[in-house]
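Below is one structure; the comments refer to it alone.
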Amino acid sequence: MANMQLDALDYFILKTLSEDARKPYLEIARECGVSGAAIHQRIQKLTHNGVIVGSQTLITPSSVGYGTCAYIGFCLADPFRFDEVVEQLRQVPEVVELHFTTGKYDLFIKVYAKNNPDLLNIIHTKLQNIGFGRTETIVSFKEEFRRQVPIIQD
């Protein structure tokens with residue numbers, strides 16, 4: 001991402017879209033007193049510079065059969081295999097997030113499974129042979145909320 005200087009209009013756009021990504025550009029334009037074309041150009045610029053990385057429809061996992069959410073911390077058996085391990089984890093559709101971390105684990109992932117037996121199956125058949133020295137699994141009982149980072153103009 002380029003080091004882009006954001007102005008008040010950029011922050012307004014980011015705050016608005018973080019609250020409602022489906023809000024029409026013309027409505028955003030009316031709210032801040034500029035043209036729809038100006039908003040479109042700004043959003044294109046923000047996207048091109050990596051400030052905005054897309055938009056998505058969020059689906060409640062349980063509504064499509066995923067009743068178990070777990071976080072798994074991994075210590076790699078061979079730390080020089082980071083890239084290979086990341087690519088293998090990318091091929092596991094149930095892995096929805098992957099983070100490089102400091103502290104106790106080399107990697108931390110978020111996994112969705114149909115239920116606890118399915119989670120165990122994913123761990124044994126899809127994750128166990130990837131090259132981890134040690135793992136720890138933490139099952140989430142319930143996601144209370146999820147939100148975007150706050151958009152605060154300096």
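Along the sequence shown, residues are numbered consecutively beginning with 1.
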Does L17 reach the side chain of I28, with side-chain heavy atoms less than 4.5 Å apart? yes

Go through the steps for M4 and V51 under the test side chain to side chain contact (heavy atoms under 4.5 Å, CB included), then give the verdict. CA-CA 8 Å; M4 181 179 168; V51 177; 4.0 Å; yes

Among residues two or more places apart or on two chains, list those pairs meeting side-chain hydrogen bond (donor to acceptor under 3.5 Å, both in side chains) that have a residue in residues 12-22. K15-E19

Determine, using the 4.5 Å side-chain heavy-atom cutoff (strictly less than), whether I52 and Y11 are members of one ILVMFWY cluster. yes

Should I43 and L26 be counted in the same cluster of Ile, Leu, Val, Met, Phe, Trp and Tyr side chains packed under 4.5 Å apart? no

Is there side-chain contact between L9 and C32, with at least one heavy-atom pair below 4.5 Å? yes

Sub-4.5 Å side-chain heavy-atom contact between F82 and F100: yes

Excluding sequence neighbours, so at least two apart, what forms side chain to side chain contact (heavy atoms under 4.5 Å, CB included) with L58? Q56, R146

Any chance you could lay out the side-chain hydrogen bond (donor to acceptor under 3.5 Å, both in side chains) test for T68 and N116, step after step, and finish with the verdict? CA-CA 6 Å; T68 297; N116 288 350; 3.3 Å; yes

Tell me, please, which residues at least two apart from Y25 pass ring-ring contact (aromatic ring centres under 6.0 Å, His included). H40

Taking side-chain hydrogen bond (donor to acceptor under 3.5 Å, both in side chains) as the test, write out the residues that go with E97, two or more places apart. H99

Using the ring-ring contact (aromatic ring centres under 6.0 Å, His included) rule, collect all pairs that involve residues 126-154, keeping only residues at least two apart or in two chains. F74-F132

Applying side chain to side chain contact (heavy atoms under 4.5 Å, CB included) to A37 and not counting sequence neighbours gives S35

If you look only at pairs with a residue in residues 71-88, which of them pass as a side-chain hydrogen bond (donor to acceptor under 3.5 Å, both in side chains), with sequence neighbours excluded? R81-E84, E87-R90, E87-Q91

In short, ring-ring contact (aromatic ring centres under 6.0 Å, His included) pairs touching residues 43-67 with sequence neighbours left out are none

Cluster link L89 to V96, ILVMFWY, side chain under 4.5 Å: no

Verdict with reasoning, I109 to V92, per side chain to side chain contact (heavy atoms under 4.5 Å, CB included): CA-CA 11 Å; I109 66 172; V92 179; over 6 Å; no

For residues 33-53, which residue pairs qualify under salt bridge (charged side-chain N to carboxylate O under 4.0 Å, His left out), counting only residues two or more places apart or in two chains? D7-R42, D10-R42

With a cutoff of under 4.5 Å between side-chain heavy atoms, which Ile, Leu, Val, Met, Phe, Trp and Tyr residues group with F80? none

Side-chain donor/acceptor pairs under 3.5 Å, residues 119-131, sequence neighbours excluded:
residue: T125; atom: OG1; partner: N121; partner atom: O; Å: 2.7
residue: K126; atom: NZ; partner: E94; partner atom: OE1; Å: 3.1
residue: K126; atom: NZ; partner: E94; partner atom: OE2; Å: 2.9

Are L6 and L46 close enough that some pair of their side-chain heavy atoms sits under 4.5 Å apart? yes

For V53 and G50, work out which heavy atoms get closest and say how close. CG1-O, 3.7 Å

Within 6.0 angstrom of K114 NZ, more than 12 heavy atoms from elsewhere: no

side-chain hydrogen bond (donor to acceptor under 3.5 Å, both in side chains) against E31, all qualifying residues, sequence neighbours excluded: K23

Could you tell me if the side chain of C69 sits less than 4.5 Å from the side chain of E143, heavy atoms only? no

Got I39 and V34 here, is their nearest side-chain heavy-atom distance under 4.5 Å? yes

Kindly compute the distance separating CD1 (I59) from OG1 (T57), expressed to the nearest 0.5 Å. 7.0 Å

Hey, does the side chain of D106 reach the backbone of L76 with a donor-acceptor pair shorter than 3.5 angstrom? yes

